[in-house]
Chemist: 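This is the structure I want to talk about, given as structure tokens.
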Protein chains: 2
Amino acid sequence: MSTSITLKELSKLLGVSISTISKALNDSHEISESTKQRIREMAELHNYQPNKLAVSLKSGKTRTIGVIIPSIQNYFFAQVLFGIEKVIADSDYNIIVSITHESLEKETKAVTTFSNGLVDGIIVALAEETQLARESSHFDTALNLKKPVVMFDRVFKDFPCDKVQVNDYQVVFDAVQQLQARGRKHIILVSTIQNLSVGKSRAKGYADAVSKEVQLEGTPETIDKVLGDYMSKHSVDGIIALDEDASLTALSVTKKLKKSIPEEVAIIGYASEKMAMNLSPTLTTLNQHGGIIGEKTAKILLEKLKIGAKTLTNEAVETTLVSRETF
Amino acid sequence: MSTSITLKELSKLLGVSISTISKALNDSHEISESTKQRIREMAELHNYQPNKLAVSLKSGKTRTIGVIIPSIQNYFFAQVLFGIEKVIADSDYNIIVSITHESLEKETKAVTTFSNGLVDGIIVALAEETQLARESSHFDTALNLKKPVVMFDRVFKDFPCDKVQVNDYQVVFDAVQQLQARGRKHIILVSTIQNLSVGKSRAKGYADAVSKEVQLEGTPETIDKVLGDYMSKHSVDGIIALDEDASLTALSVTKKLKKSIPEEVAIIGYASEKMAMNLSPTLTTLNQHGGIIGEKTAKILLEKLKIGAKTLTNEAVETTLVSRETF
DNA sequence: TTGAAAGCGTTACCAC
DNA sequence: GTGGTAACGCTTTCAA
């Protein structure tokens with residue numbers, strides 16, 4: 001590795017000690033204006049940049065926060081990341097992000113790498129595998145190393161760290177009730193996120209709101225057939241779709257069966273605003289406000305890093321029903 | 001900062017020198033099996049993890065590559081990142097990513113931060129501001145610090161680094177010709193990326209293929225009105241839309257004007273597969289194969305890092321026309 | 001087979 | 001006002 005010119009080299013060039021250079025560049029009052037001037041000029045000339053690694057190693061502070069998300073293809077995480085960046089950009093911290101692709105192994109590696117010198121704190125949404133395996137020991141490690149952890153959206157309920165969550169249960173419960181209030185009797189649930197904590201919470205909200213529950217589950221690839229089979233044999237007048245793939249499928253299957261939307265079948269789903277607005281008919285969604293979640297999460301971590309508070313917060317961000325054409 | 005137990009502490013615990021510990025943990029042949037054993041056990045017990053910062057500082061290698069992209073909301077970059085990750089995951093390198101939000105300042109900061117000790121090499125797609133300002137000096141800095149740079153998609157044509165590009169000009173040129181071959185006479189162009197190099201190349205491909213060019217430009221917010229105004233006053237039977245926003249607008253405006261698609265107006269656009277497939281009618285797109293671009297880019301950098309080749313490559317990845325309902 | 005010491009690039013304490 | 005030295009945690013050369 002070649003790095004930019006070092007203090008040592010500048011020191012030789014100027015015939016001044018390393019410590020003087022260091023102090024001058026850090027604008028210490030101990031150094032005279034004239035020497036500061038000389039040193040700055042030479043540093044400028046050679047485009048001196050302090051070596052981040054050395055500074056971090058010495059100070060024990062990296063001024064960097066690590067963000068770990070399961071996927072980047074998912075609009076929700078993209079939004080959250082956007083919110084995080086917005087807040088961090090106004091601070092003197094940097095961000096580095098790692099994507100786990102839902103893998104526990106990758107997540108563990110990321111947490112370990114991050115914890116071991118790279119970052120001062122961690123923001124994370126758990127990978128699917130992690131939630132399935134209920135494996136949280138890698139976060140214990142981070143905590144032991146005094147790296148504050150903030151989890152958002154996909155969290156371990158009992159893990160001792162700050163959390164920013166969505167009221168998934170209540171939101172879906174309410175949505176189903178609204179469907180019922182407008183006369184829907186046969187409301188079914190469609191999901192490809194049954195393994196995620198958020199998927200479970202949402203499904204529970206649904207289950208508690210209906211008298212007879214029908215939960216259709218699958219992968220993004222199979223859910224199409226599952227739903228098609230069911231709808232061609234049973235009457236359905238309302239669909240709650242828990243994720244973007246399920247929502248898209250709900251729409252396409254219903255259209256394929258020539259059911260009118262929302263007259264015969266009403267649909268409430270999850271999708272990015274852009275997607276929802278450009279579908280035909282436009283999709284009524286449960287908007288999670290990823291940007292706000294990101295901002296809150298980042299603010300909490302920043303606060304913790306600055307004042308080192310010990311109390312754990314557990315914030316909730318409201319989800320709102322955005323009415324469009326499907327309900 | 002608190003890090004995990006250090007060699008020094010292990011050394012005290014075991015009554016062995018630091019260097020012995022280091023060697024043992026690195027499985028050096030200099031150390032006897034028995035001591036290795038003892039040391040490993042103790043390290044295990046205390047969950048020793050080498051401090052990344054210290055290792056990097058010492059070795060001059062970070063085993064990390066930095067990825068700098070303009071946006072994460074853009075499906076194309078998400079795909080590319082996916083491809084990069086796929087390749088890097090199979091190596092012993094790590095990835096850190098920084099998002100510039102199209103800002104030159106952020107890009108400069110990212111390149112500088114990355115170059116100064118954090119990474120061994122950089123993958124980048126230029127920010128819009130960077131391309132507008134034609135500012136490349138921050139990459140000179142990176143190169144001076146011996147950090148190989150690979151640019152993809154949005155590149156500086158003349159900058160001396162490896163590049164992975166798309167044959168933007170040719171693809172749009174061909175697409176227009178296909179439209180013409182099927183009798184379209186009034187083909188217009190819609191774009192919100194006129195400031196980007198790729199936007200310019202694509203527009204040139206269009207311009208060179210038609211006899212009378214009509215280029216409609218705007219922002220994602222204004223393009224709707226621009227196109228609506230034009231189409232209500234002029235006859236149009238084919239639209240080339242250069243980005244997702246333009247494509248969505250092309251579709252919605254055409255539908256709003258009650259023109260049949262593709263009979264009266266054919267549309268070829270750019271959009272994610274998921275978006276294109278779920279639109280009504282489904283959108284015929286120019287697919288850039290972001291995943292493949294990402295893989296190629298990552299492989300080139302890895303190669304450079306490993307064997308330190310000096311020749312510069314300039315690879316092209318094919319874009320393909322995916323026929324759907326709009327043409 | 002083991003250990004001491006130098007050095008990676010900084011910062012900070014303490015002399016002068 | 002300036003400079004020497006130690007220290008952050010690690011690897012590596014050289015001696016023992």
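Per chain, numbering begins at 1; letters A, B, ... match sequence-line order. Quick note: numbers below take in every heavy atom, side chains included, and nothing from hydrogens, waters or symmetry partners.
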Chemist: When the distance from NE2 of A:His29 to P of C:dA12 is rounded to whole Å, what number comes out?
Modeler: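 Going from A:His29 (NE2) to C:dA12 (P), I get 12 Å.
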Chemist: Could A:Asp27 and A:Arg40 be called an ion pair, given the rule that one side-chain N must be under 4.0 Å from one carboxylate O?
Modeler: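 A salt bridge links A:Asp27 with A:Arg40.
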Chemist: Quick one: does A:Asn314's side chain get under 4.5 Å of A:Gln165's, heavy atoms only?
Modeler: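 Side-chain contact under 4.5 Å: yes.
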Chemist: For DNA chain C, which residues of residues 5-22 of chain B approach it to below 4.0 angstrom with any heavy atom?
Modeler: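 Close to the strand are B:Val16, B:Ser17, B:Ser19, B:Thr20.
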Chemist: Can you sort out the partners of B:His101 under ring-ring contact (aromatic ring centres under 6.0 Å, His included), two or more places apart, ordered by chain and number?
Modeler: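 Only A:Phe82 meet the ring-ring contact (aromatic ring centres under 6.0 Å, His included) criterion with B:His101.
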Chemist: I'd like to know if B:Glu102 pairs up with B:Arg154 as an ion pair, taking the criterion as any Lys NZ or Arg NE/NH1/NH2 lying under 4.0 Å from an Asp or Glu carboxylate oxygen.
Modeler: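 Here B:Glu102 pairs with B:Arg154 in a salt bridge, since their nearest N and O are under 4.0 Å apart.
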Chemist: Identify whether the distance between the nearest side-chain nitrogen and carboxylate oxygen of B:Glu33 and B:Lys36 falls below 4.0 Å.
Modeler: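 Yes, charged N to carboxylate O under 4.0 Å.
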Chemist: Checking B:Glu303 now: which residues fulfil salt bridge (Lys or Arg N to Asp or Glu O under 4.0 Å) with it, not counting sequence neighbours?
Modeler: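 Partners of B:Glu303 by the salt bridge (Lys or Arg N to Asp or Glu O under 4.0 Å) criterion come out as none, since no residue qualifies.
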Chemist: So if I take residues 32-39 of chain B and measure heavy-atom distances to DNA chain C, which residues fall below 4.0 Å?
Modeler: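 Correct list: B:Ser32, B:Thr35.
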Chemist: What integer distance in Å separates A:Asn51:CG from C:dG9:C1'?
Modeler: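 Nearest whole value for this atom pair: 6 Å.
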Chemist: Are B:Asp120 and B:Arg63 within salt-bridge range, i.e. N to O under 4.0 Å?
Modeler: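 Looking at B:Asp120 and B:Arg63, the cut-off is not met.
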Chemist: When you measure from the side chain of A:Glu41 to the backbone of A:Arg38, do you find a donor-acceptor pair of N or O atoms at a distance under 3.5 Å?
Modeler: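 It does not hold such a pair.
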Chemist: Between which nucleotides of DNA chain D, read 5' to 3', does contact with chain A run, using atoms under 4.0 Å from its heavy atoms?
Modeler: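 Contacts span D:dG1 to D:dG9, reading 5' to 3'.
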Chemist: Rounded to whole Å, how long is the line connecting atom CG of B:Asn116 with atom P of C:dT10?
Modeler: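 Distance check: B:Asn116 CG to C:dT10 P gives 8 Å.
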Chemist: Among all residues two or more places apart in sequence or in another chain, which pass the salt bridge (Lys or Arg N to Asp or Glu O under 4.0 Å) test with B:Lys163?
Modeler: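 For B:Lys163, no residue satisfies salt bridge (Lys or Arg N to Asp or Glu O under 4.0 Å) once neighbours in sequence are set aside.
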Chemist: With B:Asp162 as reference, evaluate B:Lys304, B:Lys296, B:Lys310 under the salt bridge (charged side-chain N to carboxylate O under 4.0 Å, His left out) test and give the passing residue.
Modeler: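 Testing B:Asp162 for a salt bridge (charged side-chain N to carboxylate O under 4.0 Å, His left out) against B:Lys304, B:Lys296, B:Lys310 leaves exactly one candidate, B:Lys304.
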Chemist: To the nearest angstrom, how far is A:Lys23 atom NZ from C:dT10 atom C1'?
Modeler: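 One finds 13 Å between C1' of C:dT10 and NZ of A:Lys23, rounded.
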Chemist: Once you round it to whole Å, what is the distance between P of C:dT11 and CG of A:Leu25?
Modeler: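 Rounding to the nearest Å, CG of A:Leu25 and P of C:dT11 are 8 Å apart.
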